[in-house]
Amino acid sequence: MVAPAEEALVIRRRYAASPEAVFAMWTRPDLLTKWLRPSPAYTHPFVELDACVGGCFRIAFRSPEGKVDVVGGEFLEVCSPSKLVFTWRWEPPNEHAGIDTHVTVELKEVNSQTELVLTHRISDAAMREQHCMGWSGALDQLPALTHIRDGENCK
């Protein structure tokens with residue numbers, strides 16, 4: 001079941017890079033490890049990623065305190081370089097373990113830049129707020145992109 005629009009967090013950003021470059025940041029494990037974390041203080045003990053329809057991913061996040069959380073999911077839609085849709089589920093012992101959510105990442109070229117719209121459908125308000133902070137922190141770190149314009153955090 002997909003959460004209604006009012007139960008989704010939406011983050012919009014604009015990057016000085018091509019949609020192809022931004023898409024690669026999401027689909028290549030070597031690039032993903034450089035930015036997908038709430039802050040630079042987090043590390044990735046492992047990243048497994050098969051970015052094709054039906055392909056899966058598992059990503060481990062190690063906090064500065066040493067706590068490791070693992071998230072995984074399946075790619076439902078992969079349209080290079082404009083759209084990714086995937087499930088998102090934390091593994092035990094994470095407090096949100098077992099809750100299936102859906103993420104859509106849309107990329108569109110606008111005035112020689114890429115507009116990114118991330119929509120994460122989450123029905124639980126507290127979980128939505130935590131993910132808003134995590135996604136916002138991660139999107140601030142996309143290393144191959146020179147700058148962000150017109151950044152808009154969660155709605």
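We number each residue from 1, following the sequence as shown. A quick note: this is a predicted structure, and the numbers were derived from the prediction, not measured. These values consider heavy atoms only, across backbone and side chains, with no hydrogens, waters or symmetry-generated copies.
- Of all the heavy atoms in F75 and D50, the pair that sits closest is CD1-O, 3.4 Å.
- Ring centers of W90 and F61: under 6.0 Å apart, within the cut-off.
- For the pair S136 (side chain) and M133 (backbone), a donor-acceptor distance under 3.5 Å is absent.
- Distance CD/E109 to OG/S82: 12.0 Å, rounded to 0.5 Å.
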Under the side chain to side chain contact (heavy atoms under 4.5 Å, CB included) criterion, do V10 and L118 qualify, and how do the steps go?
-> CA-CA 6 Å; V10 178; L118 181 143; over 6 Å; no

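- Classified by interplanar angle (parallel below 30°, tilted 30° to 60°, perpendicular above 60°), the ring pair W88/F86 is tilted.
- Using a cut-off of 4.0 Å between Lys/Arg side-chain N and Asp/Glu carboxylate O, R58 and E91 are scored as salt-bridged.
- To the nearest 0.5 Å, atoms NE2 (H131) and OG1 (T101) are separated by 5.5 Å.
- In this structure, D30 places its CG atom where more than 12 heavy-atom neighbours from other residues, nucleotides or ligands lie under 6.0 Å away.
- Formation of a donor-acceptor pair under 3.5 Å by the N94 side chain with backbone atoms of H96 is found in this model.
- With Q141 contributing its side chain and R37 its backbone, the two residues share a donor-acceptor pair below 3.5 Å.
- By the criterion of side-chain heavy atoms lying less than 4.5 angstrom apart, applied directly or through intervening Ile, Leu, Val, Met, Phe, Trp or Tyr residues, L49 is grouped together with L142 in one hydrophobic cluster.
- Between K67 and D69, some side-chain heavy-atom pair lies under the 4.5 Å cut-off.
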For L84 and E77, what are the C-alpha separation, side-chain angles and deciding distance, and is it a side chain to side chain contact (heavy atoms under 4.5 Å, CB included)?
-> CA-CA 5 Å; L84 288 168; E77 193 173 335; over 6 Å; no

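- The structure places CZ of R89 at 10.0 Å from CD of E74, a figure rounded to the nearest 0.5 Å.
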List the steps and the verdict of side chain to side chain contact (heavy atoms under 4.5 Å, CB included) for L9 and I122.
-> CA-CA 7 Å; L9 70 87; I122 303 173; 4.3 Å; yes

Please test V70 against I59 for side chain to side chain contact (heavy atoms under 4.5 Å, CB included), starting from the C-alpha separation and ending with a verdict.
-> CA-CA 6 Å; V70 178; I59 304 167; over 6 Å; no

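- Remark: side-chain polar atoms of W35 are paired, donor with acceptor, to backbone N or O of M25 under 3.5 angstrom.
- Cluster annotation: V103 is connected to I99 through the hydrophobic network of ILVMFWY side chains, with a link wherever side-chain heavy atoms come within less than 4.5 Å.
- A salt bridge is absent between R121 and E7; no separation between the charged side-chain nitrogens and carboxylate oxygens falls under 4.0 Å.
- Scanning all heavy atoms of the two residues, the minimum distance from A17 to T114 falls at O-OG1, 2.6 Å.
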